[in-house]
Amino acid sequence: MDYLDTLSEAQREAVTHRDGPLLVLAGPGSGKTRVVTCRIAELIKSGVSPRQVLALTFTNKAADEMRARVEQLVPGESVWLGTFHRFCARTLRQNASLVGLAENYTIYDTSDARKALDQAVQAAEITLTHTTLDQIAHQISDAKNALVTPERFEPRRSSPVGAIVAKAYPAYQKQLLTSNAVDFDDLLLHIAVMLQENPELRASLDERYRYILVDEYQDTNFAQYCIVRALAQDYPNLAVTGDPDQSIYGWRGANLKNILSFEHDYDQVRVVRLEENYRSTKRILRVAGALIENNKRRKAKRLFTDNEDGSRVVLATYATQREEAEGIAARIADDIQSERRRPRDFAIFYRTNALSRALEFALRDQGVPYQMIRGLEFFQRKEVKDTLAYLQLLNNPRDDVALLRVINTPTRGIGKTTLTHLTNHARRYGVPLFEAARESGLIEALSKRAAVAVAKFVAMIDHLGAHVHEPVEELLGHLLSESNIREVYEKSEDDADHERLANIEELLTAARQFDEVHAGDNTLEEFLEQAALYSDTDDWETEQDKVTLMTMHAAKGLEFPVVFLIAVEDGLLPHQRSMDDPAQMEEERRLMFVAITRAQQQLQLSRARKREFRGQRRTTIPSGFLMELPRDEMELVDSAPDFPSWQEDSNEWDDDSAFFEDSPAEESSVDVRGESRSPATRHATAGLMTAAALGQDQATATPPVSPEKFKHGMMVEHPEYGSGTIIALGGTADLRSATVDFPAMGMEKKFMLKYSNLRPASEESA
DNA sequence: ATTCGCAAAGTTTTT
DNA sequence: CTTTGCGAAT
């Protein structure tokens with residue numbers, strides 16, 4: 001076909017390279033997806049059997065998109081294309097016994113896994129001093145991502161938490177095995193271990209998957225790295241694509257080293273660089289490039305584009321988060337009203353989900369349609385989880401977490417005491433809870449009444465069990481009526497319950513759609529697998545003509561004509577928890593790089609001078625990243641430059657603003673807002689503030705106190721830590737620092753005076 | 001057993 | 001500030 005003619009030289013090189021390892025370093029907007037899909041098509045055309053091709057992605061969304069594109073290129077040919085987790089889930093299904101599981105194992109999501117851990121910790125009688133379940137879970141997850149099995153786990157010496165983890169990890173793993181269940185990390189861990197320990201299986205899978213493609217290789221963790229390696233040994237036809245500058249999942253164990261040292265890991269690697277960008281304007285690209293250059297640990301890369309210069313990147317400063325949200329909403333509304341743009345042209349990104357609230361209000365106010373992409377949501381709702389738990393229990397009766405969730409939902413008189421007895425019985429004989437429930441008549445501690453209630457529950461599950469091979473929708477139908485779930489919600493007076501019923505209906509719809517596609521056997525298992533590995537990000541609908549709101553992480557791989565990135569402030573971007581670690585700071589910078597490079601034509605970065613944080617209004621500090629951006633490409637817009645009152649007595653000012661906004665006098669038809677606001681507040685690019693000057697802004701935020709004023713023994717105030725005494729001073733000029741003892745906090749802290757919000761206590765009264 | 005109320009805790013990103 | 005969890009009371 002002719003698609004080869006439409007590719008650039010570099011793209012074509014990657015697409016037509018057939019055998020041997022291939023590393024495609026693909027900058028943002030360089031047509032990476034196109035290269036991957038064309039490559040799959042090209043392989044098939046050159047005679048490779050589709051079933052020998054394995055394409056692994058990071059998200060379902062990416063997989064779905066690729067599948068659609070491959071289908072266009074080579075209709076009817078089905079290669080295995082999906083996420084790492086799904087690939088592992090399927091492979092584990094076929095070889096479950098090798099790791100002590102049965103093929104009908106359950107995949108626990110994070111909250112299920114947390115419950116299993118809770119169970120395990122209790123059963124092992126581990127006391128949680130100085131730590132929490134969450135902490136333990138994290139450490140276990142880290143260990144699993146690094147392929148450290150329970151037996152091999154060694155806590156760092158003198159780590160009290162580590163010692164607890166060393167006990168909890170094996171107990172947790174045992175609990176999972178008893179329940180015939182795995183968590184997300186296990187999917188990878190089990191497969192990686194399985195490949196290590198079973199050479200013949202490894203060899204056969206290696207042979208089966210002759211051509212492997214891995215997308216977003218920079219996001220792979222150690223377990224994924226090992227899996228890929230194991231499958232590409234005898235047939236190293238491994239093509240990985242990625243961009244080290246877009247690695248944003250370090251917190252989840254992703255290891256940048258995997259892509260940076262790909263050339264050392266494999267022999268005779270062909271490297272193709274895709275550096276031409278087809279997405280963004282020159283200006284946007286230059287801004288992105290200038291930012292990412294500040295990272296030390298990276299492969300230098302030249303990004304360029306043939307696209308036009310475009311408009312300057314706007315750096316907007318608003319007085320409050322509310323003005324930020326309203327300003328953006330007004331501009332969007334204006335552009336839609338005047339038909340310059342459609343809602344779907346816009347995206348608004350933020351670092352944390354919590355930041356979306358003000359935007360939602362503002363957009364709703366303006367009547368702008370929007371869709372918000374959140375991580376989970378649907379499958380996390382109680383009623384949905386309850387219903388799915390029934391299915392899980394039916395599919396895998398050993399699933400203790402599922403049983404605990406459903407045995408008294410809706411209530412059927414099986415209370416805490418009964419459950420304690422059941423649990424004791426189960427632990428004594430080392431059997432799953434459902435087994436214990438089945439023997440309820442034999443448990444002496446149980447009252448007659450309790451035993452009967454349990455027996456009725458068991459009978460109901462058994463009865464439902466007769467329907468497990470029917471289409472999922474039908475099974476769900478039986479389940480909803482026999483369990484009384486439907487009846488309880490229907491009879492309820494509560495509106496919330498009717499909404500729950502609606503959600504269950506939605507689940508039925510999902511089941512019906514699933515049934516249409518999967519007519520074959522084992523459908524229940526697969527349905528549950530899909531549900532477990534699904535996230536709401538996956539069915540983000542491009543066709544919908546709505547403004548998109550999402551986190552920066554969710555934005556990866558997408559593009560929009562107009563992008564707003566909000567809250568570019570110290571502590572949010574970069575995030576507080578990353579600021580003390582240079583490696584994490586680089587990841588934050590990459591995250592911002594990803595966000596910026598989503599924009600095709602227009603980009604606005606913004607911050608608010610004041611932002612509500614944990615219920616408190618706080619003066620913000622502009623993100624240090626802003627100072628790394630090239631002044632020449634930017635346009636600075638300040639919505640309240642001559643309005644200094646936000647500094648000191650801003651409490652009232654803010655309330656005033658709220659008052660005016662709500663007063664009917666200033667009614668908000670779209671165009672009134674848009675016009676009245678923009679000309680008055682826009683400033684010519686020339687003059688005013690430079691990006692560096694914006695940094696000075698932070699000094700203005702708290703009226704500057706010259707570092708020389710601080711003396712040893714002086715009483716000082718810190719907005720966060722309260723009052724304290726200077727017990728040491730060091731450095732000179734910009735480097736002058738003070739060590740302060742805060743008696744109320746029982747701690748000492750060292751500050752760089754130039755940057756700190758420290759002030760002499762006496763100034764308070766003025 | 002369920003319900004209500006209060007307290008506490010925790011607020012990054014997701015397969 | 002919000003959500004979640006736990007404990008008490010009915």
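In what follows, chains carry the letters A, B, and so on, assigned in the order in which the sequence lines appear, proteins first and then strands, with residues in each chain numbered from 1.
The outermost nucleotides of DNA chain C lying under 4.0 Å from heavy atoms of chain A, listed 5' to 3', are C:dC1 to C:dT2.
At a threshold of 4.0 angstrom between heavy atoms, the contacts of A:Phe58 are confined to the sugar-phosphate backbone, with no base atom among them. Residue-level contact check: A:Arg590 touches neither bases nor backbone, having no heavy atom under 4.0 Å from any strand.
The interatomic distance linking A:Asn353 (CG) with B:dT14 (P) rounds to 6 Å, in whole Å. If you measure from atom CG of A:Asp64 to atom C1' of B:dT15, you get 14 Å, rounded to the nearest angstrom. When rounded to the nearest whole Å, the span between CD1 of A:Ile227 and P of B:dT15 equals 17 Å. In this structure, A:Glu587 atom CD and B:dT13 atom P are separated by 13 Å, rounded to whole Å. Between the CG atom of A:Asn145 and the P atom of B:dT14 there is a distance of 16 Å, rounded to whole Å. At whole-Å resolution of the value, NE2 in A:His553 and C1' in B:dT13 are 4 Å apart. Atom P of nucleotide B:dT13 and atom CZ of A:Phe184 are separated by 16 Å, given to the nearest angstrom. Going from atom CD of A:Gln224 over to atom P of B:dT15 covers 12 Å, rounded to whole Å.
Heavy-atom neighbours of A:Arg357 CZ from other residues, nucleotides or ligands within 6.0 Å: at or below the threshold of 12.
Applying the side chain to side chain contact (heavy atoms under 4.5 Å, CB included) rule to A:Thr83 yields the partners A:Thr57, A:Asn60, A:His85, A:Arg86; only residues at least two apart in sequence or on another chain are considered. The side chain to side chain contact (heavy atoms under 4.5 Å, CB included) test applied to A:Ala325 returns A:Ala358, A:Leu359, A:Ala362, not counting sequence neighbours. By the side chain to side chain donor-acceptor pair (under 3.5 Å) test, A:Gln139 is found to be paired with no residue, residues two or more places apart in sequence or in another chain being considered. With sequence neighbours excluded, no residue forms a salt bridge (Lys or Arg N to Asp or Glu O under 4.0 Å) with A:Asp399.
Note that the OH atom of A:Tyr318 and the CZ atom of A:Arg611 stand 11.0 Å from one another [nearest 0.5 Å]. In this structure, A:Asp185 CG and A:Asn145 CG are separated by 4.5 Å, a value rounded to the nearest 0.5 Å. Atoms CD and CD, from A:Gln392 and A:Glu525 in turn, are 12.0 Å apart once rounded to the nearest 0.5 Å. The CD atom of A:Gln224 sits 10.0 Å away from atom OH of A:Tyr217, with the distance rounded to the nearest 0.5 Å.
By the 5.5 Å and 30° criteria, A:Tyr249 is not stacked with the base of B:dT14.
Of the side-chain N and O atoms in A:Thr417, none sit less than 4.0 angstrom from OP1 or OP2 of B:dA1.
Listed nucleotides: B:dT15, B:dT2, B:dT13. Nearest to the side chain of A:Thr411: B:dT2. Checking B:dT13, B:dT15, B:dT14 against the side-chain heavy atoms of A:Ala554 singles out B:dT14 as nearest.
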Using atom names, set out every protein N or O paired with an N or O of nucleotides 4-11 of chain B below 3.5 Å, distance rounded to 0.1 Å.
residue	atom	partner	partner atom	Å
B:dT11	O4	A:Arg614	NE	3.0

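Annotation: of the two residues near DNA chain B, A:Gly413 and A:Ala532, the 5′-most nearest-nucleotide partner is A:Gly413. Residue whose closest nucleotide on DNA chain B sits further toward the 5' end, between A:Arg86 and A:Asn408: A:Asn408.
Aromatic ring orientation, A:Phe560 versus A:Phe349: perpendicular (interplanar angle above 60°, classes split at 30° and 60°).
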